[in-house]
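This is a predicted model, so every value here is computed, not measured. Just so you know, ligand 1 is whichever comes first in the structure, and atom 1 is the first atom listed for that ligand. When a residue number appears, it is its place in the shown sequence, counting from 1.
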Amino acid sequence: MFNLILFGPPGSGKGTQSERLIAKYGLKHLSTGDILRNEIANRTPLGLAAQSYMDKGHLVPDEVVIEMISSALDNNPQAHGFLFDGFPRTTAQAEALDKLLAQKGTAISVVLALQVEEEELVKRLLKRGLTSGRSDDTDEPKIRTRYAEYQKKTAAVAEYYKKYDKVVDIPGEGDVDEIFQSLSREIDQRDRA
Ligand code: AP5
């Protein structure tokens, strides 16, 4: 089973590249941001609880997202592998994910970490905010808060997986197709059985 974490700061292209990667490699896409936005759209209790955090650009509590991922893993027993997008975002989430995967006799194969400078991220997200309707893209202070959350809590996740030699940095600025080729090259080098 091949399990990939597509890692990077807000706006680094995780969603954009995930769509292409799942089409090419047949992985099951698990995006905690998408699952949370779906819960909000359906006005579920989980969605209503998460919304206030997301609107401010803060992370949703670990226990909420870990439970979501645990259910998603259980609900996809037929998957040949998972692409995690936007998860894990804290060391506690990474430890929980490793345990959940170990219970299923599998593990993270590789962490591909998109590298994009802060000013480029802000530019991309402000541009998307003109049309996306996402409350967390609407103004620059909120986008900077998301980036600060990434620096404070999420960057440590890359350090966590570096201990296991699982992290590969990928330049994330420039042509979307070229970035996709770089990601694909890393995946193609690995055993995906
Ligand atoms: P989430 O939905 O995960 O969003 P994010 O990580 O903040 O970032 P985005 O999805 O906005 O960016 P992306 O890296 O996917 O880039 P994209 O391809 O979209 O999380 C949202 C919120 O949910 C969090 O703030 C938190 O509150 C909560 N949450 C989610 N997961 C959580 C977790 N595990 N724990 C706790 N809380 C959690 O691209 C961005 C834009 O750039 C697009 O317009 C795209 O077209 C453009 N673009 C992409 N590539 C390029 C390129 N190469 N050149 C130019 N433009 C590009």
Side-chain angles (χ1 to χ4, degrees), residues 4-22 29-41 46-73 82-97 100 111-158 160 170-183:
L4 161 68
I5 295 175
L6 193 53
F7 187 79
S12 56
K14 302 184 295 295
T16 304
Q17 298 294 341
S18 289
E19 276 182 32
R20 294 164 174 242
L21 291 169
I22 56 167
H29 185 202
L30 293 183
S31 156
T32 39
D34 286 350
I35 300 171
L36 288 165
R37 279 184 289 278
N38 192 40
E39 297 280 341
I40 291 172
L46 192 159
L48 294 174
Q51 185 161 24
S52 60
Y53 295 96
M54 293 172 76
D55 282 350
K56 293 193 196 91
H58 294 155
L59 292 187
V60 172
D62 285 339
E63 56 275 20
V64 174
V65 285
I66 290 168
E67 181 54 36
M68 275 170 24
I69 286 290
S70 174
S71 305
L73 292 175
F82 293 95
L83 189 167
F84 297 95
D85 162 6
F87 181 91
R89 257 175 151 101
T90 62
T91 306
Q93 291 180 23
E95 288 167 351
L97 178 61
L100 289 168
V111 179
L112 298 179
L114 293 167
Q115 308 291 315
V116 180
E117 292 298 324
E118 181 176 0
E119 294 317 307
E120 168 70 9
L121 300 169
V122 172
K123 205 169 75 186
R124 287 183 188 180
L125 294 177
L126 280 174
K127 185 172 168 207
R128 184 175 67 184
L130 298 173
T131 53
S132 69
R134 268 181 64 163
S135 63
D136 56 352
D137 282 348
T138 48
D139 65 60
E140 188 168 331
K142 237 181 246 182
I143 292 170
R144 300 260 180 208
T145 300
R146 286 162 67 193
Y147 186 72
E149 284 278 270
Y150 169 81
Q151 293 282 55
K152 197 164 122 199
K153 300 174 183 167
T154 307
V157 171
Y160 172 86
I170 304 285
E173 295 189 30
D175 186 64
V176 170
D177 288 334
E178 282 176 17
I179 298 165
F180 178 64
Q181 296 308 327
S182 306
L183 293 165

- Task: Give the intermediate values and the outcome of side chain to side chain contact (heavy atoms under 4.5 Å, CB included) for residues Glu149 and His58.
- Result: CA-CA 7 Å; Glu149 284 278 270; His58 294 155; 3.8 Å; yes

- Message: As a quick check of understanding, evaluate side chain to side chain contact (heavy atoms under 4.5 Å, CB included) for Leu121 and Ile143, giving each step before the final call.
- Response: CA-CA 9 Å; Leu121 300 169; Ile143 292 170; 5.9 Å; no

- Message: Quick one, Arg89 with Val65, criterion side chain to side chain contact (heavy atoms under 4.5 Å, CB included). Give me CA distance, side-chain angles, the key distance, then yes/no.
- Response: CA-CA 10 Å; Arg89 257 175 151 101; Val65 285; over 6 Å; no

- For Phe84 and Ile69, run side chain to side chain contact (heavy atoms under 4.5 Å, CB included): C-alpha distance rounded to whole Å, both residues' side-chain angles, the deciding distance at 0.1 Å, then the answer. CA-CA 9 Å; Phe84 297 95; Ile69 286 290; 4.3 Å; yes

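Set against the non-hydrogen atoms of Gly15, the atoms of ligand 1 under 4.0 Å away are 13 (P), 15 (O), 18 (O). Shown in contact with Met54 at under 4.0 Å from a heavy atom are these atoms of ligand 1, numbered in order with element: 22 (C), 23 (O), 27 (O), 28 (C). Taking every non-hydrogen atom of Val65 and a distance limit under 4.0 Å, the qualifying atoms of ligand 1 come out as 33 (C), 35 (N). Those atoms of ligand 1 with a heavy atom of Pro9 less than 4.0 angstrom away are 14 (O). Numbered from 1 in the order shown, with element, the atoms of ligand 1 that lie under 4.0 Å from a heavy atom of Asp136 read 21 (C). With ligand atoms numbered from 1 in the order given, ligand 1 contributes 53 (N) to contacts under 4.0 Å with heavy atoms of Ile179. Shown in contact with Arg128 at under 4.0 Å from a heavy atom are these atoms of ligand 1, numbered in order with element: 9 (P), 11 (O), 17 (P), 19 (O), 40 (C), 43 (C), 44 (O).
By the 4.0 Å heavy-atom criterion, Ser12 is counted among the residues contacting ligand 1. A heavy-atom separation below 4.0 Å is not found between Ser18 and ligand 1. In this structure, Arg37 counts as a contact residue of ligand 1, since one of its heavy atoms falls inside 4.0 Å of the ligand.
Nearest protein heavy-atom neighbour of atom 27 (O) of ligand 1: His58 O, 2.6 Å. Here the protein heavy atom with the shortest distance to atom 53 (N) of ligand 1 is Gly174 O, 2.9 Å. Ranking the protein heavy atoms by distance from atom 16 (O) of ligand 1 puts Gly13 N, 3.0 Å first. If you check which protein heavy atom lies closest to atom 12 (O) of ligand 1, you get Gly11 N, 2.9 Å. Closest to atom 37 (N) of ligand 1, if we only count protein heavy atoms, is Val60 N, 3.0 Å. The protein heavy atom nearest to atom 35 (N) of ligand 1 is Gln93 NE2, 3.0 Å. Looking only at heavy atoms of the protein, atom 31 (N) of ligand 1 is closest to Thr32 OG1, 2.7 Å. The protein atom (non-hydrogen) at minimum distance from atom 52 (C) of ligand 1 is Arg124 NH2, 3.3 Å.
Comparing Glu19, Lys14, Met68, Lys56 against atom 13 (P) of ligand 1, the shortest heavy-atom distance belongs to Lys14. When the options Lys123, Arg89, Gln17 are ranked by their closest heavy atom to atom 5 (P) of ligand 1, first place goes to Arg89.
Of all the heavy atoms of Arg134, the ones lying under 4.0 Å from any atom of ligand 1 belong exclusively to the side chain. Contacts of Leu36 with ligand 1, taken as heavy-atom pairs under 4.0 Å, involve the side chain alone. Under 4.0 Å from ligand 1, the heavy atoms of Arg146 that appear belong solely to its side chain. Contacts between Thr16 and ligand 1, counted as non-hydrogen atom pairs separated by less than 4.0 Å, involve both the backbone and the side chain.
Counting all heavy atoms, side chain and backbone alike, Leu97 lies closest to Pro88 at CD2-CD, 4.0 Å. Between Lys14 and Phe7, the shortest heavy-atom contact is CD-C, 4.0 Å.
Looking at Lys142 and Asp55, no side-chain N of the basic residue comes within less than 4.0 Å of a carboxylate O on the acidic one, giving no salt bridge. With respect to Arg144 and Glu119, a salt bridge is recorded, a charged nitrogen being found less than 4.0 Å from a carboxylate O. Ionic pairing of Arg146 and Asp137 is present here: one or more N-O contacts between side-chain nitrogen and carboxylate oxygen are shorter than 4.0 angstrom.
In terms of polar-atom proximity, defined here as any N/O pair under 3.5 Å, Gly86 does make such a contact with ligand 1.
At distances below 3.5 Å, not a single donor-acceptor pair connects side-chain atoms of Gln93 with backbone N or O atoms of Phe87. A donor-acceptor pair under 3.5 Å links the side-chain atoms of Gln17 to the main chain of Val176, judged by distance alone. Put simply, the side chain of Ser70 never gets that close to the backbone of Ile66: no donor and acceptor are under 3.5 Å apart. Judged by distance alone, the side chain of Thr32 and the main-chain N or O of Gly86 form a donor-acceptor pair under 3.5 Å. Using modelled atom types, one side-chain atom of Gln115 and one backbone atom of Ala113 make a donor-acceptor pair closer than 3.5 Å.
For the pair Arg124 and Val116, the minimum side-chain heavy-atom distance is below 4.5 Å.
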